[in-house]
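Basis for what follows: all heavy atoms, side chains included, without hydrogens, waters or symmetry-related copies. Naming convention: chains lettered A, B, ... in sequence-line order (proteins, then strands); numbering from 1 in each chain. Keep in mind that what you see is a predicted model, and the values were worked out from it rather than measured.
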Amino acid sequence: MQLDLSFVDKLGRVVLNFFRATGKLGIFCGQTVYHCVTPPFYLKAVLAQMIEIGFYSLPVVALTTLFSGMVIALQTYEAVSQFSAEGAVAMVVRVAVIRELAPVMAGLMVAGRIGAAMAAEIGTMRVTEQIDALSTLSTNPFKYLIAPRVLAGVVMLPILVLIGDVIGICGGYMIGVYKLDFNATTYLTNTWTYLKPMDIISSMTKAGVFGFIITLLGCYNGFQSQGGAQGVGRATTNAVVSSSILILIFNYILTEMLFNA
Amino acid sequence: MKTQKETVSPKIRMTDVCKAFGNKKVLNHLNLDVYPGESLVVIGGSGTGKSVTIKCILGLLEPESGRVEIDGKNVLELSGKEREKVLSQFGMLFQNAALFDSLSVWENVAFSLIQNQHMNKAEARKIAIKKLAQVGLKSDVADVYPADLSGGMRKRVGLARAIATNPAVIFFDEPTTGLDPIMSDVINDLIKDTVKNLGATALTITHDMNSARKIADRIAMLYEGKIIWVGTVDELDKTTNPYVRQFVAGSAKGPIQMEVKVEK
């Protein structure tokens, strides 16, 4: 009797490819961190990326967090009104927006906007030999292209999320006060009184990690792209999909670490 | 022809260099010497490893084995900073110029002056405009972006960028590909004059025989990952090597068989 080993063969290939890809990403990540903390630093490039990531992403982050806060207020009221617990609305909005919605929504929006743009830009530079040209001009592509983007992402995502936290709370406040007729002072008191430092710390920690994930994967996928326009398109898709998935996975891991440890 | 081979040590020496991509051996124990001040042109068909040869010298690709020596130092064994120092004496003109889209023409030319030599922008711009003039471009293109340039102008800007720091070695990757015959001749003249004026060593890869004849002091032919013939332009016309004769004649008949995949 002859054993059919084709399945084992395929499984082996999948496992090997997984470890190869993970190893490549790990090495890329290590090189990125090394070049982020060692001179020379291209401060103008960092500043340009901070404006691109922070300033130009602000409208989309503001809109998503505003409506998320409004929806959470409505749904919470719908759920708790039968128990006469309207006071819980402000607290639920605070917890949901600051701890979860603002970092995750901002992360996903920035992944779509910035991660895709980075992968496309660096991917195009790769397939048109501009990255090779950088090396021949004695400029390390990691220092000039990757490190400024990652540094800007890690710095700007927390700032964006902080603004998103405030706007999300405002969204809940608008619904609570203007639609559900809550007392404005009571709503704000319920929000501020129970606001814990850990809420802000977790929000900022998540934002920083998400900023790192988005920029790292945007740059990585662009850097590895090959095969012309099709390769750049594939890199862009991979950057958005992989960073979105990792944001959701790391959101759970960080929540476990920060609140259940 | 340079007659210094016996007495002068090579500027670039590649010894037994092997490079493969998957199962495909691109460079197969390649040996090549480029002497100081000479212009060596490597000819060969598409996919024979010409670009890989240059990329191995520039450190853009890592060979599996062999030595790549610059001024007697094996660059493959040098640490990052030492290697960067050796490689900083190189200039490179890429096949499609590889200009940075996000920078204007003068910023492209002055890139290395500003980023590595920390020259102030006004001074770097002056040098960039001077280099642009050397390749026949007026100062009014300085503020234009690469996307607005024609193919020939892009090549000229690429050449200006390659010579901006007065490099000791300049590499040319298919310098006339995609250009009309007249513009090709203009670029060939520019390359010849620039290399001569700088006193630089030049390594060009091309399959354009007109270009090779015009630029080269010596010509080397690459086939199946090895240098199979080296000689002067005069020797090229007299050689009995059947591979070289077929390539120079541009004939489909001969020992070089092109792989043509036919869909069934």
Side-chain angles (χ1 to χ4, degrees), chain A residues 13 16-17 20 24 27 30-32 34-35 37-49 51-52 56 117-118 120-149 152 219 222-229 232, chain B residues 21 51-52 54-62 80-103 107-118 121 146-147 154 157-165 167 169-174 177 203:
Chain A
R13 278 177 206 279
L16 280 176
N17 284 338
R20 190 179 294 127
K24 272 170 81 174
I27 292 168
Q31 283 179 303
T32 301
Y34 172 77
H35 289 292
V37 296
T38 53
F41 301 107
Y42 292 95
L43 294 177
K44 278 187 183 172
V46 176
L47 194 64
Q49 290 301 323
I51 293 168
E52 185 62 41
Y56 291 113
M118 281 181 185
E121 187 181 357
I122 294 176
T124 304
M125 290 185 76
R126 167 61 79 198
V127 300
T128 56
E129 294 186 307
Q130 290 179 53
I131 291 178
D132 287 346
L134 270 180
S135 299
T136 64
L137 292 165
S138 305
T139 304
N140 189 320
F142 270 90
K143 290 225 178 288
Y144 187 74
L145 291 176
I146 314 295
R149 284 166 169 79
C219 294
F223 210 77
Q224 301 296 330
S225 69
Q226 49 191 353
V232 175
Chain B
F21 295 100
S51 294
V52 174
I54 279 194
K55 286 182 177 177
C56 284
I57 300 172
L58 286 164
L60 299 173
L61 289 173
E62 200 83 24
K81 285 200 171 175
E82 285 176 311
R83 197 170 178 177
E84 267 180 32
K85 199 177 170 187
V86 171
L87 298 179
S88 67
Q89 56 180 314
F90 293 165
M92 167 89 181
L93 171 60
F94 285 85
Q95 190 172 345
N96 294 309
L99 301 177
F100 305 127
D101 303 325
S102 56
L103 302 179
E107 286 170 324
N108 264 282
V109 177
F111 186 88
S112 199
L113 301 173
I114 295 170
Q115 300 297 345
N116 302 317
Q117 297 182 15
H118 308 292
K121 280 199 167 185
R154 289 172 71 88
V157 175
L159 181 56
R161 184 176 69 181
I163 61 169
T165 53
V169 185
I170 312 177
F171 298 89
F172 300 98
D173 183 0
E174 309 271 7
T177 297
L203 176 59

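Taking each heavy atom of B:Arg161 and B:Ala97 in turn, the nearest pair found is NH2-O, 3.0 Å.
For chain A, no part of B:Lys85 is nearby; none of its heavy atoms comes within less than 4.5 Å. For B:Asp173, the part lying under 4.5 angstrom from a heavy atom of chain A is the side chain only. Using a 4.5 Å cut-off between heavy atoms, A:Leu134 touches chain B through backbone and side chain atoms alike. For B:Phe90, the part sitting under 4.5 Å from any heavy atom of chain A is the backbone (N, CA, C, O) and nothing else.
The closest donor-acceptor contact from the side chain of B:Arg154 to the backbone of B:Pro146 lies under 3.5 Å.
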*Would A:Glu52 and A:Arg149 count as a side-chain contact (heavy atoms from CB on, under 4.5 Å) if you check the C-alpha gap in whole Å, the side-chain angles of each, and the deciding distance to 0.1 Å?*
CA-CA 10 Å; A:Glu52 185 62 41; A:Arg149 284 166 169 79; over 6 Å; no
*I would like to know whether B:Met92 and B:Phe94 meet side-chain contact (heavy atoms from CB on, under 4.5 Å); could you show each step before the answer?*
CA-CA 6 Å; B:Met92 167 89 181; B:Phe94 285 85; 3.3 Å; yes
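Counting heavy-atom pairs closer than 4.5 Å to chain B, the top-ranked of the candidates A:Thr136, A:Asp132, A:Thr128 is A:Asp132.
Taking 4.0 Å as the cut-off between side-chain N and carboxylate O, B:Glu84 and A:Lys143 do not count as a salt-bridged pair.
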